Number of protein chains: 4
Amino acid sequence: MSAPASPSPPADAGAAQESQRRAERRQAIVERAARRFADIGYADCDMGNLAKDLGIAKGTLYLYFPSKEELFYACVDAGMQQMQAAVETAAEPHADPLERIWHAVRAYLEFFERHPEHVELFIQERASFKHRKQPTFFNYREQIRGRWRAVYLQLQQQGRIRSDVPVERMLEIVGNLLYGTMFTNHFAGRQISLDEQHAAVMAIIYRGLLP
Amino acid sequence: MSAPASPSPPADAGAAQESQRRAERRQAIVERAARRFADIGYADCDMGNLAKDLGIAKGTLYLYFPSKEELFYACVDAGMQQMQAAVETAAEPHADPLERIWHAVRAYLEFFERHPEHVELFIQERASFKHRKQPTFFNYREQIRGRWRAVYLQLQQQGRIRSDVPVERMLEIVGNLLYGTMFTNHFAGRQISLDEQHAAVMAIIYRGLLP
Amino acid sequence: MSAPASPSPPADAGAAQESQRRAERRQAIVERAARRFADIGYADCDMGNLAKDLGIAKGTLYLYFPSKEELFYACVDAGMQQMQAAVETAAEPHADPLERIWHAVRAYLEFFERHPEHVELFIQERASFKHRKQPTFFNYREQIRGRWRAVYLQLQQQGRIRSDVPVERMLEIVGNLLYGTMFTNHFAGRQISLDEQHAAVMAIIYRGLLP
Amino acid sequence: MSAPASPSPPADAGAAQESQRRAERRQAIVERAARRFADIGYADCDMGNLAKDLGIAKGTLYLYFPSKEELFYACVDAGMQQMQAAVETAAEPHADPLERIWHAVRAYLEFFERHPEHVELFIQERASFKHRKQPTFFNYREQIRGRWRAVYLQLQQQGRIRSDVPVERMLEIVGNLLYGTMFTNHFAGRQISLDEQHAAVMAIIYRGLLP
DNA sequence: CATGAATGAGTTTTCATTCAT
DNA sequence: TATGAATGAAAACTCATTCAT
């Protein structure tokens, strides 16, 4: 059929298609770049090789990202968004706050297990861009914490978690524990299964060391 | 031996003195270098400026360290040793295992509070030397853990901490929590006093979130 | 021919119209390009921005000029032709040779006063295209000089200018003086009015420094 | 003799010698660079080839000049100073103002005849560094003019040059004529001998075109 | 031991030009 | 004709390391 009664005229369709092509290629670049940045480090990763790896010309890279630095940030941001999404998705089906927490923790650990490159990117970012006031990870932190604060408050009001430690402290401590665990898993390796680790972490988070 | 009965034999004394001079300068270099590496990052820190800063010639640096990389490792190692010493010193006067842990945690947090450059050095190391199998921090980790394992085991045998979580898990979890807290304090700032933070951390470590 | 008896036959008219459209756009490109080349220099002027400035696509520029270099030459040539026309127009109404000279000098100075971009283009041309045997300015020089040689010869034959200096020398000297004045006005600024400058220049040309 | 009663102790002598070595090499670089900048243009002259040409490493160039731009300026400045010196030297032995002018004009034309590279450098400077408020040539201009103003004033007071044109105008006109002549000689070639040209220029400067 | 001049490999980014649509 | 995405060559500058003095 030449020109059906489609609501989107050819011109727009072309533009949309064009725009989609662009978005797809952008993402392909980000994915490959993230891997490389993580594998060999920001400084040692050169744009020429990245381009060759992607099968495009060096200059083409610059049609999608204005600089190596911006490309790097795009990688870090993409990772953070994926992580957030993974955690949300894991918690979402569960109504009970404690269950939400339980699944969120699990999803967090699992995400970095499956995407070790993003752990590396956090490190690279901090090391290479000290001038950025706060690393991307901590930019997202407050936003994430906002959502969980409500959950903890509700639990506290229901008397289901202790009241002698402010919610704010709890958020920090759980966050720090997970943050440290993610790093340690990555750098030193995890000796036990993710399930075991998750169970042990939750056991301590819930009841602490004392009997 | 050609050394006469002089209380300080000239030859040896000369050598010793020489050796001491050398050690002192080595340390001076390491201290200044650690600060610079932390402040501006490994890649942006150049040997020329470091030498100028120390008031010595660029070539002289190479009489003390064979390369920039080795100098950097020396900085990281020095930091780890200081940290270990600080923690040991804090725990040592206390006989009771729980008190030892209490003071050790406090000393750990305090050390990185007072030496933020060492937090940075860990980051720099991981970012710049991916080829090294494990970061220095994790090299020391097993050694440190060995000493604390005994403490936790003793507590468990005494029934003073829970038995349903293996000591190994406890060591990991406490370690990870502290590791995460140290990083977060450094990157995102600490909103409360060290004492408060310490108290909150210990409260959760001891009793968990549940009431 | 398929062209009906329309007053403007479609085919020819279309071609002519087409050709005119093309000429107009060529000129528009040259004008804008001349300004940009002059303002920011040949090397710093990029085809992409020029195209954007003109509201056309980068590739379209290449439908009108085979290369950046050729576009540049077109700009310089256009400038020279305008200058020549301005000088001719100024001299044309005057019959008396001395008056013709007087008005031509004035027109020359005025042209570069009003079109400083062409001064810049001469500079740019020489700096960027050393391989061209002679700059455009000097290509036109002989041609211009031919026309004026007759004027000077006539004056000399009439005994109205001195005979102890060959006309050739006079042409050179007057040309050089104007050339130098044009540059100096442009680069160092003119401290007096164009009229005053013109008068002073003519006074020296006519009578020299001596009383 | 090992260490004669020389007034300069070894240390100073070493430093002085070092400093002289450096000055000599600086000059060697400037000379070679001036030639290359003039021959192939500022933009097309790359530091790598210049270094190779000088038999030194690229990095060494940067020990003497902080950037390509600064090296270029050093070349232009050196040329201006040599020119000034040549003109001074030519005028200096003569007491009579008219003779001083006569010899200065001659020296000016001769200098650029023998150092065509400096003509090119003026062009290159203007073309490549439009941001510099005024080209080097015009920076020196006022300074040079200051010295000659006195000469012309004296002549005017003695009634040896005309009084109906201000000295300021005369300075400008003579300057512009020489400036234009220098450029034209360089770009279009000189058809007659320097002596002839000099004579013709002086004839017009002194007496103008009219009989 | 100490110096610091010399080295040269290594990398990001720009932009004129092409060509498939 | 017009477009603009893709290309890839080209060059300034840095800095760890060496070595003659």
Side-chain angles (χ1 to χ4, degrees), chain A residues 14-15 17-18 21-22 25 42-52 54-71, chain B residues 18 21-22 25 42-52 54-72, chain C residues 18 21-22 25 42-52 54-72, chain D residues 14-15 17-18 21-22 25 42-52 54-71:
Chain A
Q17 198 179 320
E18 197 44 43
R21 244 185 71 83
R22 191 178 162 81
R25 185 170 273 196
Y42 178 81
D44 290 342
C45 180
D46 74 282
M47 298 294 269
N49 286 342
L50 172 57
K52 204 180 295 172
L54 281 158
I56 61 178
K58 223 181 327 179
T60 307
L61 235 33
Y62 285 86
L63 294 179
Y64 290 86
F65 299 92
S67 69
K68 186 183 178 186
E69 193 168 332
E70 287 300 327
L71 170 56
Chain B
E18 203 40 45
R21 247 184 64 84
R22 189 176 163 82
R25 184 173 271 193
Y42 178 80
D44 291 342
C45 179
D46 70 279
M47 299 293 270
N49 285 344
L50 173 58
K52 203 182 296 171
L54 282 158
I56 62 178
K58 221 181 334 178
T60 307
L61 278 180
Y62 285 84
L63 297 176
Y64 289 86
F65 299 92
S67 70
K68 187 185 178 185
E69 192 168 332
E70 287 301 326
L71 169 56
F72 179 77
Chain C
E18 202 38 47
R21 246 181 67 84
R22 189 176 164 82
R25 185 173 271 192
Y42 178 80
D44 291 343
C45 180
D46 69 278
M47 299 293 270
N49 285 344
L50 173 57
K52 202 181 298 172
L54 282 158
I56 62 178
K58 223 183 328 178
T60 307
L61 278 180
Y62 286 85
L63 297 176
Y64 290 86
F65 298 93
S67 69
K68 187 184 179 186
E69 193 168 332
E70 287 302 326
L71 169 56
F72 180 78
Chain D
Q17 196 179 320
E18 196 45 42
R21 243 184 71 83
R22 190 177 163 81
R25 183 170 276 196
Y42 179 81
D44 291 342
C45 180
D46 75 280
M47 298 294 269
N49 287 342
L50 173 57
K52 205 180 294 174
L54 280 158
I56 62 179
K58 216 181 335 177
T60 308
L61 235 35
Y62 285 86
L63 294 178
Y64 290 86
F65 299 92
S67 68
K68 188 184 178 187
E69 192 169 332
E70 287 301 325
L71 170 55

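Below, chain A is the first sequence line, B the second, and so on; all start at residue 1. On a predicted model such as this, the values are computed, not experimentally measured, just so you know.
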Its dot-bracket string being built from Watson-Crick and G-U pairs below 3.5 Å, with | for another strand and [ ] for crossing, DNA chain E has the pattern .||||||||||||||||||||
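Using a 4.0 Å heavy-atom cutoff across all strands shown, D/Tyr64 reaches sugar-phosphate atoms only and no base atom. Backbone-only contact: C/Lys68 has heavy atoms under 4.0 Å from sugar-phosphate atoms and none from a base.
Between D/Arg22 and D/Leu63, the shortest heavy-atom contact is NH2-O, 3.0 Å. Taking both residues in full, the closest heavy atoms of A/Tyr64 and A/Arg25 are given as OH-CD, 3.2 Å, listed atom of the first, atom of the second, then distance.
A/Leu54 has its side chain out of reach of A/Thr60: every pair of non-hydrogen atoms, C-beta onward, lies at least 4.5 Å apart.
Counting to the nearest Å, the P atom of E/dA16 and the CG atom of C/Leu50 are 10 Å from each other. Separating the CG atom of A/Leu63 from the C1' atom of E/dT14 is a distance of 11 Å, rounded to the nearest angstrom. Nucleotide E/dG8 holds its P atom 14 Å from the CG atom of D/Leu54, rounded to whole Å. Look at CZ on D/Arg22: it is 13 Å from P on E/dG4, rounded to the nearest Å. Distance CG (A/Asp44) to C1' (E/dT11): 11 Å, rounded to an integer number of Å. For the pair B/Glu70 CD and F/dT17 C1', the computed distance is 14 Å after rounding to whole Å. As rounded to whole Å, 8 Å separates atom P of F/dA11 from atom CG of D/Asn49.
Between A/Arg21 and F/dA6, a side-chain N or O to OP1/OP2 separation shorter than 4.0 Å is present. OP1 or OP2 of E/dA2 lies within a sub-4.0 Å distance of a side-chain N or O belonging to B/Arg25.
Judged by closest nucleotide on DNA chain E, A/Pro66 is the one of A/Pro66 and C/Tyr62 placed further toward the 5' end. In this structure, A/Ala43 and B/Gly59 both approach DNA chain E, and ranking their closest nucleotides by distance from the 5' end singles out B/Gly59. Looking at which nucleotide of DNA chain F each of B/Met47 and A/Ala57 is closest to, the 5′-most match is held by A/Ala57.
Counting only distance, with no hydrogens or angles, the side chain of A/Lys68 and the backbone of A/Tyr42 share a donor-acceptor pair below 3.5 Å.
A distance of 8.5 Å separates NZ in C/Lys52 from CG in C/Asp46, rounded to the nearest 0.5 Å. A/Leu61 CG to A/Ser67 OG: the interatomic distance, rounded to the nearest 0.5 Å, is 10.5 Å.
Distances from the side chain of B/Ile56 to the nucleotides E/dT3, E/dC1, F/dA6 place E/dT3 closest. Proximity note for B/Asp46 (side chain, C-beta onward) versus E/dA6, E/dT3, F/dA16: the nearest is F/dA16.
Interface remark: the D/Lys58 side chain does form a donor-acceptor pair with the E/dG10 base, using a distance-only criterion of under 3.5 Å.
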